[in-house]
Amino acid sequence: MTSAIVTLGTGAGKSNGADAMMALIEELFPICRSITGDGLRLTLEVLRRYVPLEVYEVASGTQVLDWTIPREWNIREAYIAHADGTRVVDFAANNLHIMQYSRPIDAVMTLSELRPYLYTMPGQPDWVPYRTSYYKEDWGFCLSERTLSRLPDGNYRVVIDADLSPGHLSYGELLLSGASDQTVLFSCHVCHPSLANDNLSGIAAAVMLASHLQTLQLRYSYRFLFIPGTIGSLTWLARNERAVAKISHGLVLSCLGDAGGVTYKQSRGGNAAIDRIVAHVLHHDVPPYRITPFIPYGYDERQYCSPGFDLPVGCLMRTPNGEYPEYHSSADNLSLLRPDSLAHSLDVLRRIVSVIEGEAIYRSRNLKGEPQLGRRGLYAPSGGHRTLPYDQMALLWLLNLADGRHSLLDVAERAGVPFAAIRAAADALIGADLLDEVTP
Ligand code: ZN
């Protein structure tokens with residue numbers, strides 16, 4: 001094990017990534033993303049400045065499992081205007097004003113004719129909701145309840161200048177090859193327009209984690225997917241059955257920048273190694289945190305954990321989808337994000353990776369009685385002034401449980417200390433030729 005791995009989670013003396021994540025999010029925020037189209041492509045292009053993503057384009061009409069890749073949607077302009085041309089709702093002011101995948105229209109209609117196509121959030125009269133209609137041809141505008149309530153009767157010009165035509169679905173993929181082809185999957189959706197926490201926070205955390213992992217010698221391979229929600233994961237799964245079989249651990253990343261504590265949604269079975277690893281990291285983290293069982297609702301874990309795949313994939317969030325009032329509205333904007341939360345989320349991810357990378361099983365070369373640590377410089381006499389780079393109890397626990405059957409995570413849990421302490425103790429014992437690694 002390289003020492004680089006051991007220091008993965010410390011972050012000491014380094015930037016915590018918050019500034020870089022905020023800068024990326026601010027750049028991506030204005031772009032009108034959808035499940036297809038040029039906004040999605042532009043987003044992937046921006047990400048390619050940070051990490052060398054491969055971008056894939058899959059044609060409309062392609063069958064992916066039980067689904068079909070839809071037509072590509074691109075929008076240039078959309079507005080509702082009074083007869084004199086004054087715009088009362090304008091896509092140029094906020095891309096949430098248009099229901100995603102709206103078909104083109106250019107018509108004059110009365111307010112009562114228009115109303116069925118207008119969406120508001122009556123409980124939050126100043127917010128604009130986020131609406132989509134990907135798979136049913138429709139059109140619509142989203143606006144604040146306050147704006148709607150002030151619209152006088154009369155005729156309105158309604159314009160949506162958009163294309164809904166055969167094209168491609170785009171997604172980005174980054175594979176960081178480690179010593180093993182066993183893979184850790186990180187997946188985030190990149191299909192939401194100007195929404196910060198739901199979408200951009202997960203993207204930013206994934207990019208910064210990937211750019212960090214790029215600098216390390218890795219035991220596992222790491223695959224990062226930047227995909228449109230649902231149809232993107234279905235597409236990737238349909239095209240990558242061989243890679244799917246190599247996935248040992250996985251996390252869907254979303255909603256990682258709000259002020260709430262971390263929420264971990266377990267994999268389908270709730271008993272995968274990733275479930276245990278994340279629980280361990282959170283147990284030694286600052287409260288509050290929550291661990292919730294899998295439900296077949298949420299993000300792309302629904303596809304990864306469908307029974308035919310049943311992958312060991314959980315979902316890491318702060319406040320989950322639907323549980324914060326700003327969710328899927330114009331209030332999920334840059335002001336909702338906390339740089340400290342982003343940095344903490346990234347740190348948790350780094351610590352999760354450091355457990356994945358550092359987990360191993362060892363057997364002590366001195367099973368009968370403790371080895372004499374003092375003559376190896378591994379024992380700190382009480383009252384001594386020397387500071388050891390590892391915890392003395394961690395070392396004793398590891399020696400006791402290094403029987404070839406307990407993994408380092410087993411030891412950490414039994415000893416009640418963070419994994420990193422046991423990993424550091426293992427490295428010290430390996431340095432003194434006291435441990436052999438056991439291949440499980
Ligand atoms: Zn969403």
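Atoms within each ligand, like the ligands themselves, are counted from 1 in listed order.
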Just by modelled atom types, is the Asn197 backbone N or O under 3.5 Å from a matching donor or acceptor in the Asp332 side chain? yes

Mind checking whether Tyr134 and Trp73 have ring centres under 6.0 Å apart? no

Taking the side chain as everything from C-beta on, heavy atoms only, tell me whether Tyr171 gets closer than 4.5 Å to Val190. no

Does Arg87 qualify as a cation-pi partner of Tyr79, given the criterion of NZ or CZ under 6.0 Å from the six-membered ring centre and within 45 degrees of its axis? yes

Protein N, O or S atoms at less than 2.8 Å from the Zn ion (ligand 1), how many? 3

ring-ring contact (aromatic ring centres under 6.0 Å, His included) filter on Tyr222, not counting sequence neighbours, yields none

Determine, step by step, whether Asp275 and Ser267 satisfy the side chain to side chain donor-acceptor pair (under 3.5 Å) criterion, reporting the C-alpha distance in whole Å, the side-chain angles of both residues, the deciding distance to 0.1 Å, and the verdict. CA-CA 7 Å; Asp275 299 320; Ser267 72; 2.7 Å; yes

